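First up is the structure itself, then whatever we jot down about it.
Per chain, numbering begins at 1; letters A, B, ... match sequence-line order. Keep in mind it's a predicted model, so treat the numbers as computed, not measured.
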There are 2 protein chains.
Amino acid sequence: MGRKRGFDETTVLDVVRDRFWTTGFDGTSTYDLMDATGLGKGSIYKAFGNKHDLYVRVFSDYCQGLVAQAREELRDGPHAVLTSPMARLERYVVSLADAFATESPRRGCFLTKVTADRAGEDDMVAATARRAFEDLAGALASALRDAQDAGEVAEHADATALGYLLLSVIRGIDNMAKAGVDATTLRQTARSALELIPRADAPNVRR
Amino acid sequence: MGRKRGFDETTVLDVVRDRFWTTGFDGTSTYDLMDATGLGKGSIYKAFGNKHDLYVRVFSDYCQGLVAQAREELRDGPHAVLTSPMARLERYVVSLADAFATESPRRGCFLTKVTADRAGEDDMVAATARRAFEDLAGALASALRDAQDAGEVAEHADATALGYLLLSVIRGIDNMAKAGVDATTLRQTARSALELIPRADAPNVRR
DNA sequence: GGCTTTGTTGACCGACTGGACCACAATGGG
DNA sequence: CCCATTGTGGTCCAGTCGGTCAACAAAGCC
C-alpha cells in the first residue's frame with residue numbers, strides 16, 4: 001500500500017553517481033542532486049537517507065559493477081569472449097587505458113576518484129574501496145593463472161603480485177589521464193606493462 | 001616601507017598545503033585556513049589572493065619540490081648518494097611505496113590527490129599536474145638510461161616508456177594505499193615492477 | 001612627528017549549505 | 001468510500017561559505 005514511486009531508482013542512482021563523479025562529495029550540493037534528478041529534496045532524503053548515505057550507496061553499487069565487469073571480461077571458460085587468456089587480459093587493460101585517455105571530459109574511474117577524495121576521512125568508503133581493489137587484483141591474478149595454465153605466461157611468475165601490479169598501473173594511468181597526459185603515452189604505458197609479463201618459453205597444451 | 005609581515009610565508013604555505021592535502025579544495029573552508037595558520041581572513045586574502053589562487057600556489061610549489069626531490073634522489077654523477085643507478089632507482093620507488101603504505105593517516109601524494117580532486121574541472125591545475133607527471137617520468141627515464149649505460153638494464157628497453165610505467169605504478173600504489181590495502185602487498189607491488197625491468201645479460205663497464 | 005605605505009584584524013555581506021519538516025497526493029486494503 | 005501508509009515538492013532553519021571592507025597597527029622616508 002501507499003503511493004508508488006514516481007521515479008526509477010536505478011536511473012536516479014546513475015545520475016547521482018555521475019554528479020558525485022564529476023564534482024566530488026563536497027562539491028556536490030543537495031540542490032545539484034535535485035537539479036540532476038528532477039526530484040524534490042524530500043523525495044531524495046526519504047528514499048536514500050542523507051547525502052553521505054547516498055554517496056556510499058552509489059559508490060558501493062559502482063564497485064560491485066566494476067568488479068563484475070572485470071570478472072566477466074577476464075573470465076576463462078565456455079562463455080569467454082576471446083579464447084586466449086592473455087588476449088583477454090590485454091584487451092581488458094588496453095581498453096581501460098584507452099577509455100581513460102580518450103574520453104572527454106576525462107573523468108577516469110569513479111573508484112580512483114572516490115578513493116582519493118574520501119577514503120582518508122571516511123572508513124566506510126575506505127573499506128568498500130579496499131574490497132574492490134582486492135577483488136580486482138584477484139580477478140587479474142586469476143586471469144594470469146589462466147594464462148599460465150594455457151602456457152602463455154611463465155610458471156615461475158607470481159600471479160597474485162602481477163595482479164596487483166597491473167591494477168596499480170591501471171590506477172596510475174587513470175590518474176595521469178586526468179591531468180591530460182598524452183593519449184599515446186598512456187596507451188603505450190599499458191602495453192609496456194603487458195609486455196613485461198614473463199612469457200612461457202614454449203606454449204603448453206590447453207588442458 | 002610599510003609594515004612588516006608578521007608571519008613566515010613558507011610556514012604558512014606549508015600549513016595551508018597540509019590542510020588542502022587532507023580535506024581537499026571544497027572540503028577546506030577559509031575558516032579552516034584561518035584556524036590552521038592563525039592569520040585573519042584579510043591577511044590571507046591580501047597576501048595570496050582568493051582561495052583558488054592559494055590552492056594553485058601551494059600545489060605548484062609542491063610539484064616543483066616533488067620533481068626536484070626525484071631528480072636529486074635519482075641523479076647520476078659525483079654527488080649521487082648511491083653509486084649504482086639501479087640501486088638509486090629501486091631505493092626511490094620502494095621508499096615511496098613504503099611511505100604511502102606505512103604513514104598514518106595515509107594521505108599519499110598531494111599530486112595524486114589534487115589531480116583526482118580538481119584536474120577534471122580546473123585547467124590551471126591540470127596543466128601543472130601534467131607538467132609534473134612529464135617531469136617525473138622524465139627523471140625516471142633518465143635514471144633508467146643511466147642504468148643502461150652502467151650495464152644494469154638491457155639496451156633494448158624503452159627507457160621513456162618504462163619511466164611512465166614506473167610512475168603509473170607509484171601513482172597506483174598511492175591510490176590503493178589510501179584505501180587501506182595491506183602494506184606488504186604494496187611494497188611487493190613496487191618490487192615486482194622493478195623486477196620486471198629487463199636486465200642486461202652481462203654488466204658493461206661504467207663509462 | 002607627520003605621511004605614505006603596507007599588514008592585520010574582525011565585522012559584515014549575500015549566497016548557499018545539509019537537513020528537518022509539513023501539507024498534500026496517490027495508493028490499495030478494508 | 002474511508003483511512004492508514006507511503007511518496008512528493010517545497011519551505012524553513014540555523015549555520016557556513018567565499019570574499020569585501022573599513023578601521024587600526026607598524027614601518028621607513030621626509
Side-chain angles (χ1 to χ4, degrees), chain A residues 1-60 113-114 117-118 120-125, chain B residues 1-60 113-114 117-118 120-125:
Chain A
M1 66 184 76
R3 181 172 171 175
K4 282 183 195 166
R5 277 199 178 158
F7 64 90
D8 178 55
E9 189 168 298
T10 309
T11 309
V12 165
L13 287 174
D14 283 354
V15 168
V16 167
R17 164 174 40 68
D18 288 351
R19 272 281 145 184
F20 281 132
W21 201 331
T22 51
T23 46
F25 182 78
D26 288 320
T28 306
S29 74
T30 52
Y31 294 89
D32 292 335
L33 262 21
M34 290 170 64
D35 280 352
T37 60
L39 268 54
K41 196 179 279 202
S43 301
I44 298 178
Y45 274 79
K46 180 85 173 180
F48 306 109
N50 63 23
K51 187 183 165 186
H52 181 257
D53 290 343
L54 185 49
Y55 185 76
V56 169
R57 165 73 183 275
V58 294
F59 176 52
S60 181
K113 168 90 175 182
V114 170
D117 193 22
R118 300 213 55 87
E121 317 166 66
D122 190 327
D123 291 339
M124 200 78 177
V125 165
Chain B
M1 63 185 77
R3 181 173 171 176
K4 284 182 192 165
R5 276 198 178 158
F7 63 90
D8 178 54
E9 188 167 300
T10 309
T11 309
V12 165
L13 287 175
D14 282 354
V15 168
V16 167
R17 163 173 43 67
D18 287 350
R19 272 279 145 185
F20 280 134
W21 200 333
T22 51
T23 46
F25 182 78
D26 287 320
T28 306
S29 74
T30 52
Y31 293 89
D32 292 335
L33 262 22
M34 290 169 64
D35 280 352
T37 61
L39 267 55
K41 196 179 280 202
S43 301
I44 299 178
Y45 274 80
K46 179 89 171 178
F48 307 108
N50 62 23
K51 187 183 166 187
H52 180 257
D53 290 343
L54 184 50
Y55 185 75
V56 170
R57 166 73 182 276
V58 295
F59 176 52
S60 181
K113 168 90 174 182
V114 170
D117 194 22
R118 300 212 57 84
E121 317 166 65
D122 190 327
D123 291 339
M124 200 78 175
V125 166

Starting from [atom2] on [N], measure out to [atom1] on [X] and report it in whole angstrom.
X     : N      : atom1 : atom2 : value
B:H52 : D:dC17 : NE2   : C1'   : 17 Å
B:D8  : C:dT8  : CG    : P     : 12 Å
A:F48 : D:dG7  : CZ    : P     : 11 Å
B:M34 : C:dC12 : CE    : C1'   : 13 Å
A:Y31 : D:dG9  : OH    : P     : 15 Å
A:R19 : C:dT17 : CZ    : P     : 12 Å
B:R5  : C:dT6  : CZ    : C1'   : 10 Å
B:E9  : C:dT8  : CD    : P     : 11 Å

Using a cut-off of 4.0 Å on non-hydrogen atoms, how would the nucleic acid contact of [X] be classed: base, sugar-phosphate, or nothing?
X     : result
B:F25 : nothing
A:S29 : sugar-phosphate
B:S43 : base
A:G6  : sugar-phosphate

Between [X] and [N], does any side-chain N or O lie under 4.0 Å from OP1 or OP2?
X     : N      : value
B:N50 : D:dG19 : yes
A:K4  : C:dT27 : no
A:K46 : D:dG9  : no

> Relative to each other, are the rings of B:Y55 and B:F20 parallel, tilted or perpendicular (30° and 60° limits)?
Replying inline: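 Answer is perpendicular, since the angle exceeds 60°.
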> Which comes earlier along DNA chain D counting from the 5' end, the contact point of B:R3 or that of A:K41, where each point is its nearest nucleotide?
Replying inline: A:K41
> Where each residue is assigned the nucleotide of DNA chain C containing its nearest heavy atom, which of A:G42 and A:D32 is assigned the position nearer the 5′ end?
Replying inline: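 Counting from the 5' end, the first nearest nucleotide belongs to A:D32.
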> Counting only heavy atoms not in A:M34, do more than 12 fall under 6.0 Å of its CE?
Replying inline: yes
> For the side chain of A:K51, counting heavy atoms from C-beta on, which of C:dT8, D:dG9, C:dG19 is nearest?
Replying inline: C:dG19
>> For A:H52 and A:D122: C-alpha separation, side-chain torsions, deciding distance, then whether side-chain contact (heavy atoms from CB on, under 4.5 Å) applies.
In response: CA-CA 10 Å; A:H52 181 257; A:D122 190 327; 2.4 Å; yes
> So do the side chains of A:R118 and A:D26 get within less than 4.5 Å of each other, counting heavy atoms only?
Replying inline: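 Yes, close enough: below the 4.5 Å cut-off.
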> Checking side-chain contact (heavy atoms from CB on, under 4.5 Å) against B:E9, which of B:T11, B:V12, B:L13 comes through?
Replying inline: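 Going through B:T11, B:V12, B:L13 one by one, the side-chain contact (heavy atoms from CB on, under 4.5 Å) with B:E9 is satisfied by B:L13 alone.
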